[in-house]
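Remember, predicted model here, so these are calculated numbers, not experimental data.
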Amino acid sequence: MALISDATKGRYCRCKISSQVSWMSRDKLVAAAFCAVIALPASAFATDSAQLISALERFNDGSGAQQLAIKLAGLIEKADKPSLNALSKQIQAEDGPLLSELADVAELGEAEHRKVALAMGPCQSANVLIRAIAIAIGDGRFQPVVRGGTVMIDGTDVDSDFAQHMWRCEVLSQLPHKTSIGSKCLMTGVCKDDPDL
């Protein structure tokens, strides 16, 4: 379990997403995204769940999530810290406001939070998680390791959660399985390389 400080609001968030279930609840996905992007500045405007769901539709792109994951994995394998930092800043500039809105969804109330969580499909979930992972790696909160060609983030399940959502997204989008971030344990049964599972 990781305790991450939210410097912008003086709050703390406990980040432990269980991979004990065969699918990750969408409420937990929103919580994971919240924990991963918590260091972003608070969003400048309040939104309702319908507006947020509509805005999240742009993340319903399996190919985009896949390309970002491949790029991130390549930078990690090269240990290219300047490029990882630049990618983190680019994502924050392009997607920071929307990710902040998603992080703040709990403040809309439980019913609104549930609407947003249930509206997110696997491609949207994969896109949110890969962006959150890239931001956290870029600013040094996550320290990835490469094991057998797979990028993993020890001490958290966010990499495996991304892999699960990306796998489903690839299947639904009829894309080949190309990404190398997170354990594919639940999809393939090969779990020996991931110390978090």
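The backbone N or O of Ala50 sits nowhere less than 3.5 Å from a side-chain atom of Ser54 that would complete a donor-acceptor pair. Between the Asn85 side chain and the Lys81 main chain, no donor and acceptor come within less than 3.5 Å of each other. With Gln174 contributing its side chain and Val171 its backbone, the two residues share no donor-acceptor pair below 3.5 Å. A donor-acceptor contact shorter than 3.5 Å is absent between the side chain of Asp159 and the backbone of Ile181. Checked by atom type and distance alone, the side chain of Gln124 pairs as donor or acceptor with a backbone atom of Gly121 at under 3.5 Å. The main-chain N or O of Leu175 is never found under 3.5 Å from a side-chain atom of Glu170 such that the two would form a donor-acceptor pair.
Annotation: side chain of Ser63 is not in contact with side chain of Ser173 (no heavy-atom distance under 4.5 Å). In this structure the side chain of Arg147 reaches within 4.5 angstrom of the side chain of Val145, judged on heavy atoms. Residues Leu98 and Leu102 fail the side-chain proximity criterion, which asks for heavy atoms closer than 4.5 Å. The shortest distance between side-chain heavy atoms of Ile135 and Arg141 falls below 4.5 Å. Using a 4.5 Å heavy-atom cutoff, the side chains of Phe162 and Asp157 are not in contact. Between Lys71 and Leu87 the shortest side-chain heavy-atom distance falls below 4.5 Å.
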Under the side chain to side chain contact (heavy atoms under 4.5 Å, CB included) criterion, do Asp95 and Asn127 qualify, and how do the steps go?
CA-CA 11 Å; Asp95 302 314; Asn127 265 297; over 6 Å; no
Checking Lys184 against Thr179 for the side chain to side chain contact (heavy atoms under 4.5 Å, CB included) test, could you report, in this order, the C-alpha distance in whole Å, the side-chain angles of both residues, the deciding distance, and whether it holds?
CA-CA 10 Å; Lys184 312 282 188 294; Thr179 60; 4.1 Å; yes
Between Arg131 and Phe59, does a side chain to side chain contact (heavy atoms under 4.5 Å, CB included) hold up when you go through it step by step?
CA-CA 10 Å; Arg131 283 164 170 75; Phe59 286 157; 3.4 Å; yes
Ile137/Ile133 under side chain to side chain contact (heavy atoms under 4.5 Å, CB included): CA gap, chis, key distance, verdict:
CA-CA 6 Å; Ile137 289 171; Ile133 290 168; 3.6 Å; yes
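Partner His165 forms a side chain to side chain contact (heavy atoms under 4.5 Å, CB included) with one of Val128, Ile130, Leu129 and no other, that one being Leu129.
Atom CG of Leu84 and atom CG of Leu75 lie 5.0 Å apart (nearest 0.5 Å). The distance from atom CZ of Arg114 to atom OG of Ser49, rounded to the nearest 0.5 Å, is 12.5 Å. Here Gln90 contributes atom CD and Leu68 contributes atom CG; the two are 8.5 Å apart, rounded to the nearest 0.5 Å. Taking CE from Met120 and CD from Glu57, the interatomic distance works out to 11.0 Å, rounded to the nearest 0.5 Å. With values rounded to the nearest 0.5 angstrom, Cys123 atom SG is found 11.5 Å from Arg168 atom CZ. How far OG of Ser83 is from CD1 of Ile76: 12.0 Å, rounded to the nearest 0.5 Å.
Ser88 and Gln92 share a donor-acceptor pair across their side chains, judged by distance under 3.5 Å alone.
Gly182 approaches Thr150 most closely through the heavy-atom pair O-CG2, 3.4 Å. The heavy-atom pair separating Leu172 from Pro122 by the smallest distance is CD1-CG, 3.5 Å.
With hydrophobic clusters built from ILVMFWY side chains whose heavy atoms lie under 4.5 angstrom apart, Ile70 does not share a cluster with Leu72.
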